[in-house]
Peer 1: 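What follows is a single structure, and I will ask about it in a moment.
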Protein chains: 2
Amino acid sequence: MRKKSDGDRSTSLHDVTIVDVADEAGVSYATVSRVINNKDHVSPEKRERVLRAMAQLGYVANLQARSLAGGSSHVVGLLVNYLSSSYTIEIMRGIDEVLQTHHYDLVLYTTHTRKTKESAYVARLTRHLADGLLLILPQETTSYLDALRQRRFPHVLVDYLSDGAYAPSVATTNFQGAYDAMNYLLELDHRRIGFITGGRETGCAQQRLEGYQAALKDHGLPYDPQLVYYGKFLQPQGYQGAQTLLNLADPPTAIFASNDSMAFGVMEAARERGLHLPEDLSILGFDDIPQAAQVHPPLTTVHQPLNKMGQRAAELLLDYMADPLAPIERIELPTDLIIRQSCQRRSER
Amino acid sequence: MRKKSDGDRSTSLHDVTIVDVADEAGVSYATVSRVINNKDHVSPEKRERVLRAMAQLGYVANLQARSLAGGSSHVVGLLVNYLSSSYTIEIMRGIDEVLQTHHYDLVLYTTHTRKTKESAYVARLTRHLADGLLLILPQETTSYLDALRQRRFPHVLVDYLSDGAYAPSVATTNFQGAYDAMNYLLELDHRRIGFITGGRETGCAQQRLEGYQAALKDHGLPYDPQLVYYGKFLQPQGYQGAQTLLNLADPPTAIFASNDSMAFGVMEAARERGLHLPEDLSILGFDDIPQAAQVHPPLTTVHQPLNKMGQRAAELLLDYMADPLAPIERIELPTDLIIRQSCQRRSER
DNA sequence: TTGAAAGCGCTAACAT
DNA sequence: ATGTTAGCGCTTTCAA
């Protein structure tokens with residue numbers, strides 16, 4: 001016949017409910033609920049007693065019950081298509097940082113770029129599992145975006161190109177970033193500049209390609225489709241793209257990759273061909289993931305504030321969760337050309 | 001006055017409960033529950049009707065309610081101390097892969113290496129939020145491991161060094177891996193080998209250090225504490241460690257870092273000092289994260305099957321969830337020395 | 001085989 | 001200010 005001992009409480013993870021807390025504090029359990037949710041109309045004295053009882057019993061809220069009962073689940077859903085890239089991780093860290101300080105939990109779904117999964121997960125998440133939804137690089141938005149908006153379900157998209165539809169989102173100035181990068185290369189006297197683009201379905205890849213084209217045009221240079229290789233943001237495609245471009249009869253003197261990973265692939269290929277970097281080939285990336293500074297030569301690249309994108313997305317989501325009727329906002333963060341050592345003035349030959 | 005139209009159903013994410021399904025199918029909602037949970041004692045005919053109704057209405061189970069009522073939440077909790085390292089991500093991918101095929105959701109908690117958070121999160125997660133728990137690189141296990149075991153709450157630790165206590169876990173042969181690496185370096189005639197270790201509190205760092213020491217001893221070489229720098233698995237500490245070691249009166253000719261990130265830091269430092277790699281300094285890492293093959297020179301390192309670790313951990317967890325009384329198992333995966341180009345025979349001077 | 005009904009732990013009216 | 005109570009959607013006895 002054992003009684004509740006202190007030792008028992010501290011080590012046991014056993015279920016302590018608000019009823020237990022209420023008993024211990026000698027109040028009704030509605031009062032406990034009020035204290036937990038920081039509501040008004042609780043005398044300081046009782047609040048104090050409840051707080052003490054909670055601490056003593058080691059009370060931990062049951063989120064399921066809370067959200068079932070109509071409260072918030074304090075969970076934010078995060079939909080990601082692919083877990084592996086640095087790009088994703090950096091954004092996730094930003095998200096995690098702000099969510100954590102606001103005591104929100106993160107439920108993670110990876111779609112593995114299977115489009116059908118996206119809407120299935122959205123349905124799962126929005127059925128009370130989560131209070132809000134964050135989507136990184138969403139692909140198949142048309143199937144659920146309208147519903148989300150209609151239901152006023154708080155959501156924010158990261159790196160979503162609104163093709164017509166307007167949605168709460170944060171992105172960066174992809175076009176301008178690519179344009180700036182190209183200007184730099186052109187000022188370095190490069191005239192044949194290869195471009196390795198990302199997946200056609202992603203808006204940001206599209207915008208970067210447009211930036212590439214616009215810069216060419218503004219410098220009175222022709223657009224040569226041969227110089228564009230279609231990748232999918234993965235390193236091997238950068239490698240393959242470089243091989244293809246470098247095998248051209250009139251090969252480029254510089255290659256601009258649509259993200260850093262592919263730029264690394266370009267470096268691999270160049271090195272394998274015995275080229276010296278950056279003397280024989282200038283290479284430029286996009287993203288500025290941590291490794292960009294660590295490769296040799298350090299990669300000149302267009303910095304995207306990935307971490308900050310995550311933060312801003314989470315903050316915006318928090319706003320919507322506080323006020324679902326807040327106006328739809330699209331945040332665009334500036335990119336920044338980071339000049340390191342992977343580009344050089346075109347050598348006269 | 002609109003009726004339920006097909007168009008409405010397909011786009012609406014509105015709450016369809018088992019009651020709706022029951023109505024549509026003309027059965028009690030207990031029967032619907034039976035069908036959902038694949039229980040016996042349902043006539044094929046009614047089962048069929050329910051299934052059709054579910055599909056028609058686009059029913060999605062409310063996980064909160066399900067788990068509140070005593071069913072399983074189909075959620076697995078994942079505790080991670082730091083989101084940023086490749087190490088973590090690779091393991092997470094493995095976990096995600098198998099969990100996904102088993103239709104489990106992942107709730108992610110990052111402790112940011114704040115130890116107090118660990119037990120708080122464990123409490124959160126195990127209070128019905130999750131059916132099982134995965135912990136990567138747990139730090140403060142003593143406070144909750146016993147309780148977990150007592151309650152038979154399914155859990156698996158990744159890279160946990162059982163200091164006495166035995167727990168369900170998966171790890172790699174850290175000692176042997178380090179030992180093998182050292183052998184390689186010693187066979188390359190290196191006699192003064194610096195070691196940059198990871199956090200003292202992590203078991204794997206400890207084991208690698210022991211492997212380092214054992215190899216030295218087996219070769220009849222003295223252990224010089226000066227040659228060991230204490231880092232925390234982060235790149236800047238590799239940089240700092242290299243600076244420190246290289247400033248020694250009798251500096252090492254090779255540096256073995258306890259993980260790849262720190263090895264990259266060593267590379268930075270070496271390069272900054274004008275050293276040629278690998279001629280002037282041999283560098284060896286641990287982990288074999290993807291970038292290891294991409295840096296220059298490609299890093300010789302001890303391969304840990306990170307992805308596989310995640311997979312095995314998830315599989316083991318699934319086993320425990322199916323049978324909480326299954327015997328405690330500790331899986332140890334083999335490491336593998338990957339020889340690339342960052343090490344060289346010690347040059348005679 | 002099926003249905004009715006009692007909770008799971010909690011929030012949010014509604015009373016008092 | 002505080003207590004009472006009706007659910008939230010579901011699983012699981014218990015009856016029928």
Side-chain angles (χ1 to χ4, degrees), chain A residues 13-51 53-54 57-75 105 123-131 321, chain B residues 13-51 53-54 57-75 123-131:
Chain A
L13 292 168
H14 218 70
D15 286 17
V16 176
T17 72
I18 53 173
V19 177
D20 299 324
V21 176
D23 286 354
E24 178 82 24
V27 299
S28 76
Y29 78 100
T31 300
V32 176
S33 174
R34 289 191 186 98
V35 172
I36 291 170
N37 295 291
N38 251 307
K39 303 265 181 180
D40 298 335
H41 309 300
V42 178
S43 70
E45 183 250 347
K46 290 209 171 180
R47 182 181 298 273
E48 184 51 43
R49 273 196 354 238
V50 169
L51 254 18
M54 282 173 52
L57 265 28
Y59 170 78
V60 180
N62 181 325
L63 297 183
Q64 327 283 327
R66 179 181 290 183
S67 90
L68 225 211
S72 83
S73 65
H74 263 245
V75 164
D105 296 340
R124 273 281 255 313
L125 248 4
T126 56
R127 289 186 61 78
H128 275 253
L129 214 191
D131 292 344
M321 293 195 301
Chain B
L13 293 168
H14 216 68
D15 286 16
V16 177
T17 72
I18 52 172
V19 177
D20 298 323
V21 176
D23 285 354
E24 179 82 23
V27 299
S28 78
Y29 74 78
T31 300
V32 176
S33 175
R34 288 189 188 99
V35 173
I36 291 170
N37 294 290
N38 251 307
K39 302 266 182 179
D40 298 335
H41 309 300
V42 178
S43 70
E45 184 250 348
K46 288 207 171 178
R47 183 182 298 274
E48 183 52 40
R49 272 194 358 235
V50 170
L51 254 18
M54 280 171 54
L57 265 29
Y59 169 78
V60 180
N62 180 324
L63 296 182
Q64 327 284 327
R66 178 179 290 185
S67 90
L68 223 209
S72 83
S73 65
H74 261 243
V75 164
R124 271 283 256 311
L125 248 4
T126 57
R127 288 185 61 79
H128 276 253
L129 213 192
D131 292 344

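Side chains are part of it too, since the values below use all heavy atoms of this structure and drop only hydrogens, waters and symmetry mates. Lettering of chains follows the sequences in order, A, B, ..., and the numbering in each one begins at 1.
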Peer 1: Establish, with yes or no, whether the OP1 or OP2 oxygen of D:dC10 is under 4.0 angstrom from a side-chain nitrogen or oxygen of B:Ser67.
Peer 2: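 No, no such contact exists.
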
Peer 1: Out of C:dG3, C:dG9, D:dG9, which has the shortest distance to the side chain of B:Ser28?
Peer 2: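 Given the options C:dG3, C:dG9, D:dG9, the side chain of B:Ser28 is closest to C:dG3.
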
Peer 1: Between C:dT11, D:dG9, C:dT2, which nucleotide gets closest to the side-chain atoms of B:Arg34?
Peer 2: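 Of all the options, the side chain of B:Arg34 is nearest to C:dT2.
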
Peer 1: Using atom CZ of B:Arg47 as one end and atom P of C:dG3 as the other, report the distance to the nearest whole Å.
Peer 2: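 These atoms are roughly 14 Å apart.
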
Peer 1: Tell me whether B:Arg34 contacts the main-chain N or O of B:Lys39 through its side chain, where contact means a donor paired with an acceptor under 3.5 Å.
Peer 2: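 Side chain of B:Arg34 to backbone of B:Lys39, a donor-acceptor pair under 3.5 Å: no, none is there.
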
Peer 1: With the side chain of B:Asn37 defined as its heavy atoms from C-beta on, choose the nearest nucleotide among C:dT2, D:dT5, D:dT11.
Peer 2: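 Of the options given, the side chain of B:Asn37 lies nearest D:dT11.
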
Peer 1: Starting at CG of A:Asp20 and ending at P of C:dC8, how long is that distance when rounded to a whole Å?
Peer 2: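 After rounding, the reported distance stands at 11 Å.
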
Peer 1: Take the protein atom CD1 of A:Ile36 and the nucleotide atom C1' of C:dA12, then report the distance between them rounded to whole Å.
Peer 2: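 Those two atoms, CD1 and C1', are 14 Å apart.
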
Peer 1: Would you indicate, yes or no, if D:dT11 has its OP1 or OP2 atom less than 4.0 angstrom from a side-chain nitrogen or oxygen of B:Arg66?
Peer 2: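 For D:dT11, OP1/OP2 do have a side-chain N/O of B:Arg66 under 4.0 Å.
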
Peer 1: Less than 4.0 angstrom between a side-chain N/O of A:Tyr59 and OP1 or OP2 of C:dC10, yes or no?
Peer 2: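 Yes, A:Tyr59 has a side-chain N/O under 4.0 Å of OP1/OP2 on C:dC10.
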
Peer 1: Verify the contact: side-chain N or O of A:Lys39 to OP1 or OP2 of C:dA12, cut-off strictly under 4.0 Å; return yes or no.
Peer 2: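 For C:dA12, OP1 or OP2 has a side-chain N or O of A:Lys39 closer than 4.0 Å.
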
Peer 1: Would you indicate, yes or no, if C:dC8 has its OP1 or OP2 atom less than 4.0 angstrom from a side-chain nitrogen or oxygen of A:Asn62?
Peer 2: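 For C:dC8, neither OP1 nor OP2 has a side-chain N or O of A:Asn62 closer than 4.0 Å.
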
Peer 1: Is the shortest side-chain N/O distance from B:Thr31 to OP1 or OP2 of C:dT1 below 4.0 Å?
Peer 2: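 The answer is no; no side-chain N or O of B:Thr31 sits under 4.0 Å from OP1 or OP2.
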
Peer 1: Please state how far atom CD in A:Gln64 lies from atom P in C:dC10, giving the value in whole angstrom units.
Peer 2: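 The answer, rounded to whole Å, is 11 Å.
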
Peer 1: I'd like to know if the side chain of A:Asp20 reaches the main chain of A:Thr17, judged simply by a donor and an acceptor atom lying under 3.5 Å from each other, with no hydrogens or angles considered.
Peer 2: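 Confirmed, A:Asp20 side chain pairs with A:Thr17 backbone.
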
Peer 1: OP1 or OP2 of C:dG3 versus the side-chain N and O atoms of B:Lys46: is any pair under 4.0 Å?
Peer 2: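 The answer is yes; a side-chain N or O of B:Lys46 sits under 4.0 Å from OP1 or OP2.
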
Peer 1: With sugar-phosphate meaning primed atoms plus P, OP1 and OP2, does B:Ser33 contact a base, only sugar-phosphate, or nothing at under 4.0 Å between heavy atoms?
Peer 2: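 The answer is base, as B:Ser33 lies within the cut-off (heavy atoms under 4.0 Å) of a base atom.
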
Peer 1: Among C:dA4, D:dC10, D:dC8, which is the nearest nucleotide to the side chain of A:Leu68?
Peer 2: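 The closest nucleotide is D:dC8.
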
Peer 1: I need the OH-P distance between A:Tyr29 and D:dT2, as an integer number of Å.
Peer 2: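 Value for this atom pair: 17 Å.
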
Peer 1: Are the side chains of A:Ile36 and A:Met54 in touch, meaning some heavy atoms are under 4.5 Å apart?
Peer 2: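 A:Ile36 vs A:Met54: side chains touch.
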
Peer 1: Whole-Å distance between D:dA1 P and A:Arg49 CZ?
Peer 2: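 Distance check: A:Arg49 CZ to D:dA1 P gives 16 Å.
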
Peer 1: What is the distance from CG of B:Leu63 to P of D:dT11, rounded to the nearest Å?
Peer 2: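 Answer to the nearest Å: 10 Å.
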
Peer 1: As an exercise, state the distance from CG of B:Leu68 to OG of A:Ser67, rounded to the nearest 0.5 Å.
Peer 2: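 B:Leu68 CG to A:Ser67 OG: 8.0 Å, rounded to 0.5 Å.
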
Peer 1: Would you say the side chain of A:Ser73 lies within less than 4.5 Å of the side chain of A:Leu63, judging by non-hydrogen atoms?
Peer 2: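 Side chain of A:Leu63 against side chain of A:Ser73, heavy atoms only: no contact under 4.5 Å found.
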
Peer 1: Using a cut-off of 4.0 Å on non-hydrogen atoms, how would the nucleic acid contact of B:Val19 be classed: base, sugar-phosphate, or nothing?
Peer 2: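 Nothing: the residue B:Val19, judged by heavy atoms under 4.0 Å, touches no strand.
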
Peer 1: Within a strict 4.5 Å, meaning less than it, do heavy atoms of the B:Asn38 and B:Arg47 side chains meet?
Peer 2: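 Heavy-atom side-chain distance check passes, below 4.5 Å.
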
Peer 1: Quick check on DNA chain C: between B:Gly26 and B:Ala65, whose nearest nucleotide comes earlier from the 5' end?
Peer 2: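 The residue closer to the strand's 5' end, by nearest nucleotide, is B:Gly26.
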
Peer 1: Using the side-chain heavy atoms of B:His41, tell me which of these nucleotides is nearest: C:dT1, D:dC10, C:dA12.
Peer 2: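 Comparing C:dT1, D:dC10, C:dA12 against the side chain of B:His41, the answer is C:dT1.
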
